[in-house]
*Asks:* 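Below is one structure. I have some questions about it.
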Amino acid sequence: MFALVDCNNFYASCERLFRPELIGKPIVVLSNNDGCVIARSNEAKALGIAMGAPAFKMEKEMKQNGIHVFSSNYTLYGDISNRVMTELSGFTPDIETYSIDEAFLSLHGMPLGALEMYGREIVRAIHRNVGIPVSVGIAPTKVLAKVANKIAKKNPSKRGACLLDTQEKQIEVLSKFDVEDIWGIGRQHTKRLNALGVKTALDFMRLPRALVQKQFTIVGLKIWEELHGVPRIELEDVPAAKQTICTARSFGKMIETVEQLAEALANYAATCAAKLRRQKCCASCVTVFLHTNPFREDLPQYARSAVANLHQATSSTIELIEVSAKMLSQIYKAGFLYKKIGIILSEIVPENEVQVSLFDTIDRPRDAEIMGALDSINAKYGRDALRIGRQGFGKRWKHRQERLSPCYSTRLSDVLTIKV
DNA sequence: TCTGGGGTCCTAGGACCC
DNA sequence: TCTGGGGTCCTAGGACCC
């Protein structure tokens with residue numbers, strides 16, 4: 001049996017956690033650069049605010065409806081997420097953190113009759129100890145647990161937890177469950193399934209197995225089998241090392257000069273390098289890309305990328321900043337207004353399996369020590385407390401974050417003061 | 001003025017090898 | 001005259017997730 005624990009409207013719930021006067025009020029959270037809506041409280045959903053809606057088009061609507069708007073505060077959400085996950089680990093060590101607001105738990109060996117109560121206990125514990133509302137779906141496969149979770153979220157009568165243990169219950173629910181709401185069925189698959197006359201999850205289950213495999217590949221077949229109660233997707237309790245690591249951002253204001261682009265890029269390279277070291281890996285392939293704003297059809301457009309293969313894999317911030325800066329100078333063209341730049345690291349290997357190059361001229365042990373010092377200083381004094389000169393101070397290329405909430409739980413100066 | 005960012009997996013087809 | 005057959009690797013593109 002699997003349980004899927006999913007935080008309700010997670011980002012909106014985090015914003016509300018330290019602003020209790022916002023309970024019952026509509027809240028939306030915007031994407032990076034305050035671009036579009038990525039999270040909504042139930043009240044905002046009820047007002048018809050669409051997921052992914054561009055913020056600038058809704059300025060008026062949000063004002064009229066008294067919606068509280070926030071820039072995304074990933075420092076806050078990340079910290080609250082850690083608290084939720086820590087709480088869940090108290091229930092079982094067999095846990096897979098699936099995303100910032102979701103985790104799968106393996107519940108093997110638990111008596112079936114107790115499962116729904118167990119789910120409700122999880123809901124109560126997270127609410128009491130972290131303050132975030134969650135829903136729990138329990139079923140024999142991950143895909144069914146996802147279904148159960150949606151049922152729990154939608155029906156208040158479930159009191160936060162839904163158990164789909166028997167086939168009868170599953171059939172009953174799946175006959176009313178839209179096929180597009182199944183985990184792993186996206187827009188394209190929905191179109192093709194609708195064309196086959198498939199509307200509900202049950203319709204999908206009743207398609208012949210061979211047809212499913214032919215039309216929707218092995219991925220579709222796994223989903224089909226999971227709906228039938230056959231586990232095909234396992235719990236991944238040790239997170240796999242990432243095969244690509246990317247940092248890219250749009251700018252608040254478009255940028256013209258190569259100096260400012262270089263400064264932004266240096267910061268993204270530093271972020272990528274730190275992510276790489278956190279998973280104890282090195283990368284030997286670097287991609288740098290940049291482009292103008294494709295929405296501004298009135299302006300000249302330019303987009304380019306460059307790929308570099310290093311002779312030896314690295315995780316050094318210094319080296320990656322240097323390499324990416326060189327690549328930028330190769331692809332930068334003056335006379336354009338740039339909207340976004342980014343860096344992608346690939347060909348990632350564990351740091352103790354790096355193929356040593358005969359032609360290497362870098363003092364690797366020394367660099368590793370410097371990086372170790374850099375990481376421990378930044379862990380203690382905050383991200384980017386110690387930085388490479390090229391990173392600058394980001395005065396000109398900042399992204400937009402006009403409605404950022406305080407880092408209530410991670411920055412001493414932002415901790416709430418309570419007058420008693 | 002303004003439209004997110006960061007990932008994974010699978011397949012088809014071409015190049016190349018013997 | 002005959003137009004094999006089996007395999008690997010790589011890449012681009014498509015689909016999906018949160």
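Below, read A as the first sequence line, B as the second, and so on, with proteins coming before strands; counting in each chain starts at 1.
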*Asks:* Mind checking the P distance from C/dT3 to B/dC17? Whole angstroms is fine.
*Replies:* 23 Å
*Asks:* Could you tell me how far apart A/His399 (NE2) and B/dG6 (C1') are, to the nearest whole angstrom?
*Replies:* 14 Å
*Asks:* Looking at every strand, decide which applies to A/Arg296 at a 4.0 Å heavy-atom threshold: base, sugar-phosphate, or nothing.
*Replies:* sugar-phosphate
*Asks:* Do A/Glu15 and A/Tyr77 get their side chains close enough for a donor-acceptor pair, meaning under 3.5 Å?
*Replies:* yes
*Asks:* Relative to the 5' end of DNA chain B, which residue comes earlier, A/Lys340 or A/Ala241, by the nucleotide with the nearest heavy atom?
*Replies:* A/Lys340
*Asks:* Return the nearest nucleotide to the side chain of A/Ser31; candidates are B/dT1, B/dT3, B/dG4.
*Replies:* B/dG4
*Asks:* Quick one: do the A/Asn8 and A/Ser135 side chains pair a donor with an acceptor below 3.5 Å?
*Replies:* yes
*Asks:* Would you say the side-chain atoms of A/Asn9 and A/Ser41 include a donor-acceptor pair closer than 3.5 Å?
*Replies:* no
*Asks:* Looking for any heavy atom pair under 4.0 Å, which part of the strands does A/Ile100 touch: base, sugar-phosphate only, or nothing?
*Replies:* nothing
*Asks:* With the side chain of A/His189 defined as its heavy atoms from C-beta on, choose the nearest nucleotide among B/dG6, C/dC17, C/dA15.
*Replies:* C/dA15
*Asks:* CD1 of A/Ile218 versus C1' of B/dT8: gap in Å, rounded?
*Replies:* 16 Å
*Asks:* Please convert DNA chain C into dot-bracket. A pair counts if it is Watson-Crick or G-U wobble with both distances under 3.5 Å; crossing pairs go in [ ] and bases paired with another strand get |.
*Replies:* ....||||||||||||||
*Asks:* Base, sugar-phosphate, or nothing for A/Asp101, non-hydrogen atoms under 4.0 angstrom?
*Replies:* sugar-phosphate
*Asks:* Can you measure from CG (A/Leu265) to OG (A/Ser324) and round to the nearest 0.5 angstrom?
*Replies:* 4.0 Å
*Asks:* Hey, are A/Glu59 and A/Arg403 close enough for a salt bridge, meaning a charged N less than 4.0 Å from a carboxylate O?
*Replies:* yes
*Asks:* So, A/Ser409 versus A/Asp79: side-chain donor-acceptor pair below 3.5 Å or not?
*Replies:* yes
*Asks:* Please tell me which of the listed nucleotides, C/dC16, B/dT3, B/dG7, lies nearest to the side chain of A/Gln188?
*Replies:* C/dC16
*Asks:* Using a 4.0 Å heavy-atom cut-off, does A/Leu30 contact any base of the nucleic acid, only the sugar-phosphate backbone, or nothing at all?
*Replies:* nothing
*Asks:* Counting side-chain heavy atoms from C-beta on, which of B/dT8, B/dG6, C/dC18 comes nearest to A/Thr244?
*Replies:* B/dT8
*Asks:* Mind checking if A/Gln243 touches a base, just sugar-phosphate, or nothing, with heavy atoms under 4.0 Å?
*Replies:* sugar-phosphate
*Asks:* When we call it a touch if two heavy atoms are under 4.0 Å apart, what does A/Arg187 touch: a base, just sugar-phosphate, or nothing?
*Replies:* sugar-phosphate
*Asks:* Applying a 4.0 Å non-hydrogen cut-off, can you work out what A/Ser72 is touching in the nucleic acid: base, sugar-phosphate, or nothing?
*Replies:* nothing
*Asks:* Quick one: which of C/dC17, B/dC2, B/dC10 gets closest to the side chain of A/Trp183?
*Replies:* C/dC17
*Asks:* From the list B/dT3, B/dG6, B/dT8, which nucleotide is the closest neighbour of the side chain of A/Lys339?
*Replies:* B/dT3
*Asks:* Provide, to the nearest angstrom, the distance between the CG atom belonging to A/Asn32 and the P atom belonging to B/dG5.
*Replies:* 6 Å
*Asks:* Counting just side-chain N and O atoms, does A/Asn33 come under 4.0 Å of either OP1 or OP2 of B/dC2?
*Replies:* no
*Asks:* Side chain of A/Ser250 only, please: which of C/dC17, B/dG4, B/dG6 is the nearest?
*Replies:* B/dG4
*Asks:* Please work out if A/Lys146 contacts a base, only the sugar-phosphate, or nothing of the nucleic acid, heavy-atom cut-off 4.0 Å.
*Replies:* sugar-phosphate
*Asks:* In this structure, how many angstroms lie between the P atom of B/dT8 and the NZ atom of A/Lys142, rounded?
*Replies:* 15 Å
*Asks:* Starting from P on C/dC16, measure out to CD1 on A/Ile233 and report it in whole angstrom.
*Replies:* 15 Å
*Asks:* Could you work out which one of C/dC18, B/dG6, B/dG4 sits closest to the side chain of A/Cys36?
*Replies:* B/dG4
*Asks:* Is the closest side-chain heavy-atom distance between A/Lys199 and A/Asp178 below 4.5 Å?
*Replies:* no
*Asks:* Just how far is it from atom OH of A/Tyr338 to atom NZ of A/Lys333, taken to the nearest 0.5 Å?
*Replies:* 7.5 Å
*Asks:* How long is the line joining CD1 of A/Ile223 and P of C/dC16, in whole Å?
*Replies:* 9 Å
*Asks:* Using a 6.0 Å cut-off, check whether atom CD of A/Glu234 has over 12 heavy atoms from anything other than its own residue.
*Replies:* no
*Asks:* Any base atoms under 4.0 Å from A/Lys242, or only sugar-phosphate, or nothing? Heavy atoms, all strands.
*Replies:* sugar-phosphate
*Asks:* Calculate the interatomic distance between A/Met51 atom CE and B/dT3 atom C1'; express it in whole Å.
*Replies:* 15 Å
*Asks:* Given atom CZ of A/Arg403 and atom C1' of B/dG4, what is their separation to the nearest angstrom?
*Replies:* 16 Å
*Asks:* Would you indicate, yes or no, if C/dC16 has its OP1 or OP2 atom less than 4.0 angstrom from a side-chain nitrogen or oxygen of A/Lys191?
*Replies:* no
